[in-house]
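Single-structure report; data block below.
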Amino acid sequence: MPVSDADMVRAWTHVLSLSKLQPKQTVTILTSQTTHPQTLSTAIIAASNLGATVNRLDLSPVNAEFAHSRDSLAYLGTTPLTGNRPAIAALKESDLVLDLMTLLFSPEQAEILESGTKILLAVEPPEVLVRLLPSLEDKARVGESAALLQGAREMRVTSKAGTDLHLPMGEFPVIQEYGFVDEPGRWDHWPSGFSLTFPNEGQASGRVVLDRGDILLPMKTYINTPIEMIVEKGYVTSIKGDVDADLLNDYMGSFDDREAYAISHIGWGQQKRARWSTLGLYDREQTIGMDARAFEGNFLFSMGPNNEAGGSRTTACHIDIPMRNCTVLLDGQEVVREGKVVSLKQAA
Ligand SMILES: O=c1ccc(O)c[nH]1
């Protein structure tokens, strides 16, 4: 449903307050051609009302000659910031960057964060942003899953459909996504509600069987036919099945890059207000599918880069795969049981 400007200003004010924006701080709003005008106009009002100096940095889009999807998460790595030193300097000098363009998985994002600048990504449409407004409860719940991931040495994922995936971990940090940036140098994504990490380089192994209803992003499809993936030494070495597998193989083949098949981030959804079925209610290009990535109890599996967590692997291809009905174990302890988050009391 449409969102009123007043509601969107209130939503931005809530998120900027949770992000500890102070009067006289500098906010730079990063925009491009696909930036939603209402998201932009209400961000300027809310940040200005909080006493910040508000700049806008509008950059021209790139990668049109390569990308087969207009989804901002479909073609990663090079961004309008790549090589753009004056623009990077402006962002490094800012206290807070509101990324209404998408820098995710870019080296420039890491450089800007290292300077202490906070970056909040917000590219979902206003109605999704308002419906999935972040809260301190979200932060607490995501923090619980992060604490479980922090000390674990291995994640194992199984399902009745046949998944049995072994993910030794510990080499990479745990990233928490709860929708606001309350620490210097922090990146987050509004909306979200999950923690993630990356398996140790080259050590993921086993079998993933995507079942009917599991989701492929950026395709934004619910698959109707099972897809079997074999994982060896950190890479998906075969993707077999029916037409859904053919479509995935054809899309990934367009990148002609072995790194596209590496296992990327792993984790599970903790957002109670997101739902598995919501993606089906939107036109494909209206959303980047954050309900699908965040719904409580999913196993979020992905392929592609690991530079987001300090890894050395970059590739333009990134596939996010929220799966239903999986059991996720950390060092043998169930944290998700057949698609339902195991409450800490039960887990203890
Ligand atoms: O918020 C996000 C969005 C996409 C992704 O791959 C990770 N986290």
Side-chain angles (χ1 to χ4, degrees), residues 15 19 30 34 39 67 69-77 79 97-106 109-110 113 118-125 128-129 131-134 138-139 141-142 145-146 149 167 172-181 186-199 214-220 236 248 251-252 255 259-271 273-274 278-279 282 287-296 298-311 313-323:
V15 170
S19 300
L30 190 53
T34 56
T39 304
S69 159
R70 296 197 302 182
D71 184 302
S72 63
L73 289 174
Y75 197 92
L76 299 173
T79 74
V97 171
L98 301 181
D99 176 6
L100 309 188
M101 180 194 82
T102 304
L103 290 174
L104 197 56
F105 286 100
S106 70
Q109 174 168 292
L113 291 170
K118 301 187 283 188
I119 300 178
L120 182 64
L121 173 63
V123 294
E124 283 285 49
V128 176
L129 294 174
R131 177 169 50 82
L132 295 181
L133 202 61
D138 288 349
K139 177 178 178 179
R141 193 173 307 121
V142 167
S145 55
L149 282 166
L167 301 158
F172 295 105
V174 175
I175 293 174
Q176 298 186 49
E177 296 196 27
Y178 47 77
F180 52 93
V181 283
R186 176 169 170 70
W187 171 87
D188 209 314
H189 186 176
W190 170 30
S192 54
F194 49 84
S195 293
L196 54 85
T197 188
F198 294 72
D214 288 343
I215 292 169
L216 296 177
L217 299 168
M219 296 78 186
K220 298 179 197 117
V236 173
L248 179 59
Y251 172 80
M252 294 185 75
F255 291 84
E259 294 308 317
Y261 299 86
I263 304 300
S264 181
H265 56 78
I266 53 177
W268 66 93
Q270 295 268 53
Q271 181 49 267
R273 287 170 286 147
T278 305
L279 181 70
Y282 279 80
T287 172
I288 59 167
M290 287 309 291
D291 275 86
R293 288 187 183 85
F295 73 87
E296 191 177 36
N298 75 21
F299 167 55
L300 179 61
F301 158 66
S302 63
M303 292 189 275
N306 68 355
N307 60 309
E308 190 71 7
R313 283 188 305 91
T314 61
T315 172
C317 180
H318 183 44
I319 311 290
D320 278 324
I321 309 178
M323 296 172 67

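We count ligands from 1, going down the list as the structure has it; atoms in each ligand are counted the same way. The figures here come from the full heavy-atom set of this structure, side chains too, leaving out hydrogens, waters and symmetry mates. Computed from a prediction, not measured in an experiment: that's the story for all the values here.
- A donor-acceptor pair under 3.5 Å is absent between the side-chain atoms of E124 and the main chain of T287, judged by distance alone.
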Subject >> Check against side-chain hydrogen bond (donor to acceptor under 3.5 Å, both in side chains), S192 and Q271 >> reply: CA-CA 7 Å; S192 54; Q271 181 49 267; over 6 Å; no
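- Inspection of the D320 and H265 side chains reveals an N or O donor paired with an N or O acceptor under 3.5 Å.
- Between D188 and Q176, the shortest heavy-atom distance links the atoms OD2-O, 3.6 Å.
- With hydrogens and angles ignored, the 3.5 Å screen pairs no side-chain donor or acceptor of H318 with any backbone N or O of A74.
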What are the polar N/O contacts of ligand 1 with the protein below 3.5 Å, with distances?
{"residue": "ligand 1", "atom": "1 (O)", "partner": "E177", "partner atom": "OE1", "Å": "2.6"}
{"residue": "ligand 1", "atom": "1 (O)", "partner": "E177", "partner atom": "OE2", "Å": "3.4"}
{"residue": "ligand 1", "atom": "1 (O)", "partner": "H189", "partner atom": "ND1", "Å": "2.7"}
{"residue": "ligand 1", "atom": "6 (O)", "partner": "H265", "partner atom": "NE2", "Å": "2.8"}
{"residue": "ligand 1", "atom": "6 (O)", "partner": "H318", "partner atom": "NE2", "Å": "2.7"}
{"residue": "ligand 1", "atom": "6 (O)", "partner": "D320", "partner atom": "OD1", "Å": "3.2"}
{"residue": "ligand 1", "atom": "6 (O)", "partner": "D320", "partner atom": "OD2", "Å": "2.8"}
{"residue": "ligand 1", "atom": "8 (N)", "partner": "E177", "partner atom": "OE2", "Å": "2.8"}

Original post:
Does the pair R131 and T278 meet the rule for a side chain to side chain contact (heavy atoms under 4.5 Å, CB included), with working shown?
Top reply: CA-CA 12 Å; R131 177 169 50 82; T278 305; 3.5 Å; yes
